[in-house]
Amino acid sequence: MENIISIKDVTYTYPEAKRPAINGLSLDIYRNEWLSIVGKNGSGKSTLAKLIDGLIESETGSIIVDGQEVNEKNIWEIRSKIGIVFQNPDHQFVGATVEDDVAFGLENQGIPRDEMVKEVDAALKMVDMQDYKTRDPQSLSGGQKQRVAIAGVLATKPSIIIMDESTSMLDPNGRKTVLNLVKQLREEQNMTIISITHDIEETELSERIVILRDGEVVQKASPKTIYDMGHKLTNYGLEEPFSSQVAYLLKDELKLPEGYLNEEELIENIWKLSSKI
C-alpha cells in the first residue's frame with residue numbers, strides 16, 4: 001500500500017514540560033485508509049495531529065505528507081491537502097451564515113466568487129445541509145454544526161481529513177450519523193481519514209487502529225485484533241467495547257463464539273442460542 005503520510009522518529013516537547021508529548025514516534029499512514037488513533041488524555045493524539053498539519057514543529061525526525069517533507073517552505077501547500085474537523089465546531093465558525101462559514105477556506109485560497117458559490121453549494125449538498133445555508137450557525141443542533149464544519153473542510157478539496165475528537169460532544173445518534181457521513185464521503189471522494197479519539201467505540205469503521213501511550217505507538221493492528229485484547233485495553237487507559245463487556249458477563253450462561261463480536265453480531269448470537277434453550 002502507498003503511504004500518504006510517513007512519520008519517522010519524531011519528538012516534540014511542550015515548553016516547560018517534564019517529558020515529551022511525542023517521543024521518537026514513527027508511523028506510516030496509507031493513502032485512502034481510515035486510521036483511528038486512540039489513547040487516554042495526554043497520550044499525544046492531538047499533538048500528533050498538530051505536527052502533521054505543521055501547526056507545531058518537531059524537534060527531531062521528519063514528517064512527509066504526500067511526498068513533501070513538512071517544513072516552512074511548503075507548509076501552506078501541505079495544509080491545502082489536509083482538513084481538520086475539531087471537537088467543538090463553534091471554534092471553527094467565523095461567518096454570520098452557514099454559507100459564509102463554508103466559504104471561509106476558499107476565500108483564503110483566493111478562489112473567484114462565481115467558482116466559490118458553486119463549491120460552497122456542492123459541499124453543503126454533500127452533507128445534506130444545503131437548505132440551511134442562510135442560517136446562523138449558532139442556531140443549529142450539535143450534529144448540524146458538525147456537518148457544516150465538515151462541509152467547510154470538503155469545500156477546500158483536501159486529500160486527508162483529520163477528525164480530532166470531532167464527535168465527542170454529540171449524542172449517540174448524532175455520533176453515528178456523522179461517522180456514517182464521513183464513511184460515505186470517504187468512499188465517494190477517495191480521502192484518507194485520520195480519526196483521533198479516546199473512545200474505542202468510535203473506531204469500528206476504521207481499517208487500522210493505533211494506540212498511543214506517553215507519546216509512543218504501543219499497538220497498531222486491525223480493529224478486530226485490538227478489540228480481542230478485551231480487558232487488556234484498560235492498560236492503555238481505554239475501555240473495552242460495550243459488546244465485549246456484555247459477552248464477558250454472559251460467558252457462563254451462553255456459549256458464544258470466541259473473539260470480538262460487535263453489537264449486531266452479539267444480539268444475533270444471543271437470539272440464536274436463546275431460541276435453542
Side-chain angles (χ1 to χ4, degrees), residues 1-7 27-38 45-46 48-55 63-70 74-87 89 92 101-106 108-109 111 115-116 118-130 143-168 170 174-197 202-210 220 222-223:
M1 289 182 284
E2 180 187 1
N3 292 344
I4 192 168
I5 299 174
S6 292
I7 304 166
L27 177 66
D28 289 328
I29 300 173
Y30 307 129
R31 189 178 298 277
N32 302 140
E33 84 165 324
W34 185 319
L35 177 77
S36 288
I37 300 176
V38 300
K45 304 184 302 295
S46 292
L48 182 58
K50 292 175 183 177
L51 286 163
I52 292 172
D53 199 45
L55 296 173
I63 300 175
I64 297 173
V65 177
D66 203 15
Q68 293 181 296
E69 185 168 355
V70 178
N74 58 23
I75 187 60
W76 293 109
E77 186 176 352
I78 285 174
R79 283 180 184 163
S80 71
K81 301 177 182 181
I82 300 172
I84 301 181
V85 183
F86 294 102
Q87 179 181 30
Q92 292 179 253
D101 253 83
V102 177
F104 181 72
L106 298 173
N108 287 339
Q109 294 179 3
I111 304 298
E115 183 180 344
M116 190 187 308
K118 293 178 182 178
E119 296 295 348
V120 168
D121 286 345
L124 286 171
K125 187 175 181 180
M126 280 191 278
V127 300
D128 197 24
M129 289 294 291
Q130 63 271 32
Q144 289 171 331
K145 288 179 178 179
Q146 205 59 285
R147 282 172 171 261
V148 173
I150 292 171
V153 167
L154 291 174
T156 62
K157 293 184 168 58
S159 51
I160 302 162
I161 290 184
I162 299 175
M163 299 178 65
D164 190 0
E165 302 278 8
S166 54
T167 62
S168 62
L170 303 178
R175 185 179 301 124
K176 184 176 181 180
T177 298
V178 168
L179 289 173
N180 284 334
L181 170 65
V182 173
K183 176 186 178 184
Q184 176 187 341
L185 293 171
R186 170 181 168 256
E187 292 170 352
E188 293 173 354
Q189 305 291 323
N190 293 321
M191 294 180 295
T192 300
I193 306 296
I194 302 172
S195 176
I196 293 173
T197 180
E202 289 190 18
T203 62
E204 191 169 311
L205 293 175
S206 59
E207 294 162 315
R208 210 162 41 118
I209 298 174
V210 170
K220 53 183 177 181
S222 69

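Keep in mind that this is a model prediction, so the values were computed, not measured. Count residues from 1 along the sequence.
- Within the model, atoms CD1 of Ile161 and OG1 of Thr192 stand 9.5 Å from one another, a figure rounded to the nearest 0.5 Å.
- Here the OG atom belonging to Ser222 is positioned 7.5 Å from the CD1 atom belonging to Ile209, to the nearest 0.5 angstrom.
- A donor-acceptor pair under 3.5 Å is absent between the side-chain atoms of Asp53 and the main chain of Ala49, judged by distance alone.
- Scored by the side-chain hydrogen bond (donor to acceptor under 3.5 Å, both in side chains) test, Ser46 finds Asp164 as partners (sequence neighbours excluded).
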Between Ile196 and Ile162, does the side chain to side chain contact (heavy atoms under 4.5 Å, CB included) criterion hold? Intermediate values first, please. CA-CA 7 Å; Ile196 293 173; Ile162 299 175; 3.9 Å; yes
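- With a 4.5 Å cut-off on side-chain heavy atoms, Leu205 and Asn180 count as touching.
- Separating the CE atom in Met116 from the CZ atom in Phe104 is a distance of 11.0 Å, to the nearest 0.5 Å.
- The closest side-chain heavy-atom distance from Ile75 to Val70 is below 4.5 Å.
- Of the N and O atoms on the side chains of Thr167 and Glu202, at least one donor lies less than 3.5 Å from an acceptor on the other residue.
- In this structure, CE in Met126 is found 11.0 Å from CD1 in Ile150, a value given to the nearest 0.5 Å.
- Nearest approach of Gly54 to Arg79, heavy atoms of both residues: O-NH2, 2.8 Å.
- Glu119 contributes atom CD, which lies 3.0 Å from atom NZ of Lys157 (distance to the nearest 0.5 angstrom).
- Nearest approach of Ile52 to Ile78, heavy atoms of both residues: O-CG2, 4.4 Å.
- Between Ile29 and Ile160 the shortest side-chain heavy-atom distance does not fall below 4.5 Å.
- A heavy-atom distance below 4.5 Å is not found between the side chains of Val127 and Val148.
- Under the 4.5 Å side-chain criterion, counting only non-hydrogen atoms from C-beta, Asp128 is in contact with Gln130.
- Listed for the Arg147 side chain is no donor-acceptor partner under 3.5 Å among the backbone atoms of Val178.
- Put simply, the side chain of Arg31 never gets that close to the backbone of Glu2: no donor and acceptor are under 3.5 Å apart.
- The heavy-atom pair separating Lys81 from Asp66 by the smallest distance is NZ-OD2, 3.4 Å.
- Of the inter-residue distances, the one linking Thr156 atom OG1 with Ile82 atom CD1 reads 10.5 Å to the nearest 0.5 angstrom.
- Scanning both residues, Leu27 and Lys220, for their nearest heavy atoms gives CD1-CD, 4.4 Å.
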Go through it in stages, so that I can follow the logic: the residues are Ile7 and Leu48, the test is side chain to side chain contact (heavy atoms under 4.5 Å, CB included), and I'd like the CA-CA distance, side-chain angles, deciding distance and then a yes or no. CA-CA 10 Å; Ile7 304 166; Leu48 182 58; 3.9 Å; yes
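- Ala151 and Ala123 make their closest contact through O-CB, 3.5 Å (heavy atoms, listed as atom of the first residue, atom of the second, distance).
- With a 4.5 Å cut-off on side-chain heavy atoms, Glu33 and Met1 do not count as touching.
- Contact of the Asn108 side chain with the Trp76 side chain is not registered, since no non-hydrogen atoms from C-beta on lie closer than 4.5 Å.
- For the pair Tyr30 and Ile4, the minimum side-chain heavy-atom distance is 4.5 Å or more.
- Across all non-hydrogen atoms, the minimal contact from Gln146 to Val85 is OE1-CG1, 3.2 Å.
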